[in-house]
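Have a look at the structure below, then the notes.
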Amino acid sequence: QVQLIESGGGLVQAGGSLRLSCAASEPTFKHFDMGWFRQVPGKEREFVATIAWNALTVRYAPFVKGRFTISRNNDKKTLILQMNSLEPEDTAVYFCAASKYNLPEPTPYWFDYWGQGTQVTVSS
């Protein structure tokens, strides 16, 4: 089991940037494929990006359009989401998640451990 804690959310104007971090509690972090998801009230949690345990495979949702970058540092047990050119539609609670599966499907159901989320608000 691994505990995940997100940070870095906040309020930013459209066109701005934020850097989200997710700190893991256990060294076993390096064995998990990781992902970022987001959720707005009344909607299902949606996939943003995933990264394999060895960082060799990354995937992004179509709406990312080259604006976000997912990365990880296994030595520091940290997952990062760099978000640039933010739009009001990116406003959501962002969650990091860990999957026990290799190259899991990019849906919440394939992820086993979740953080509490960090709020991102983009003003127009």
Side-chain angles (χ1 to χ4, degrees):
Q1 190 166 355
V2 61
Q3 293 183 335
L4 304 170
I5 301 175
E6 301 96 336
S7 61
L11 173 63
V12 64
Q13 289 187 334
S17 299
L18 282 174
R19 182 179 175 89
L20 304 185
S21 296
C22 174
S25 61
E26 301 295 332
T28 51
F29 168 83
K30 63 184 178 182
H31 298 303
F32 291 101
D33 282 25
M34 298 295 296
W36 286 99
F37 292 80
R38 68 185 189 184
Q39 189 170 23
V40 298
K43 292 190 175 182
E44 292 188 354
R45 195 166 295 186
E46 67 174 350
F47 156 70
V48 177
T50 61
I51 185 168
W53 66 273
N54 57 8
L56 292 181
T57 303
V58 296
R59 289 179 291 186
Y60 295 98
F63 64 76
V64 169
K65 301 176 185 176
R67 301 178 298 133
F68 299 174
T69 302
I70 189 171
S71 61
R72 67 189 296 161
N73 185 321
N74 286 343
D75 291 336
K76 295 184 178 180
K77 300 178 292 181
T78 302
L79 178 72
I80 300 293
L81 185 68
Q82 177 67 44
M83 303 189 295
N84 301 325
S85 302
L86 284 162
E87 304 167 352
E89 294 74 21
D90 295 316
T91 295
V93 177
Y94 283 70
F95 298 89
C96 73
S99 176
K100 295 183 292 188
Y101 300 95
N102 184 34
L103 298 180
E105 292 295 318
T107 73
Y109 309 104
W110 282 73
F111 286 77
D112 305 281
Y113 306 109
W114 293 85
Q116 293 300 306
T118 184
Q119 176 69 47
V120 170
T121 303
V122 184
S123 64
S124 57

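Quick note: numbers below take in every heavy atom, side chains included, and nothing from hydrogens, waters or symmetry partners.
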Close side-chain approach of [X] and [Y], heavy atoms under 4.5 Å:
| X | Y | result |
| --- | --- | --- |
| Val120 | Met83 | yes |
| Leu86 | Phe68 | yes |
| Arg59 | Pro104 | yes |
| Thr50 | Asp33 | no |
| Cys22 | Thr78 | no |

List in chain and number order the residues that pass ring pair (Phe, Tyr, Trp, His ring centres under 6.0 Å) with [X], two or more places apart in sequence or in another chain; answer none if no residue qualifies.
| X | value |
| --- | --- |
| Trp114 | Phe37 |
| Tyr101 | Trp110 |
| Tyr113 | Phe32 |

Just verifying a value: how many Å separate [X] [atom1] and [Y] [atom2], rounded to the nearest 0.5 Å?
| X | Y | atom1 | atom2 | result |
| --- | --- | --- | --- | --- |
| Gln116 | Leu4 | CD | CG | 10.0 Å |
| Tyr60 | Trp36 | OH | CH2 | 12.5 Å |
| Phe95 | Phe111 | CZ | CZ | 14.0 Å |
| Ile80 | Arg19 | CD1 | CZ | 4.5 Å |
| Thr28 | Gln1 | OG1 | CD | 9.5 Å |
| Cys96 | Ile70 | SG | CD1 | 9.5 Å |

Closest approach of [X] to [Y] (non-hydrogen atoms, all atoms of both residues):
| X | Y | result |
| --- | --- | --- |
| Ala24 | Val2 | CB-CG2, 3.8 Å |
| Ser17 | Gln82 | CB-NE2, 4.0 Å |
| Leu18 | Gly8 | CD2-O, 3.8 Å |

Can you get from [X] to [Y] by hopping between Ile, Leu, Val, Met, Phe, Trp and Tyr side chains that sit under 4.5 Å apart?
| X | Y | result |
| --- | --- | --- |
| Tyr94 | Phe47 | no |
| Val48 | Val58 | yes |
| Trp53 | Leu81 | no |
| Val64 | Val12 | yes |

Report task. Verify the neighbour count for atom CD1 of Ile5: are there more than 12 heavy atoms of other residues, nucleotides or ligands below 6.0 Å? Result -> no

Query raised in the report: Any sub-3.5 Å donor-acceptor pair from Thr91's side-chain atoms to Val122's backbone N or O?
Result: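 Pair found, side chain donor or acceptor close to backbone of Val122.
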
Query - Listed once per pair and sorted, the salt bridge (charged side-chain N to carboxylate O under 4.0 Å, His left out) pairs that draw on residues 70-82, sequence neighbours left out - result: none

Query - All pairs passing salt bridge (charged side-chain N to carboxylate O under 4.0 Å, His left out) where residues 38-52 contributes a residue, at least two apart - result: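 Listed once each, the pairs are Arg38-Glu46, Arg38-Asp90.
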
Query raised in the report: With sequence neighbours left out, what residues match Gln119 under side chain to side chain donor-acceptor pair (under 3.5 Å)?
Result: Thr121

Requested in this report: Check step by step if side chain to side chain contact (heavy atoms under 4.5 Å, CB included) holds for Leu20 and Glu6.
Outcome: CA-CA 7 Å; Leu20 304 185; Glu6 301 96 336; over 6 Å; no

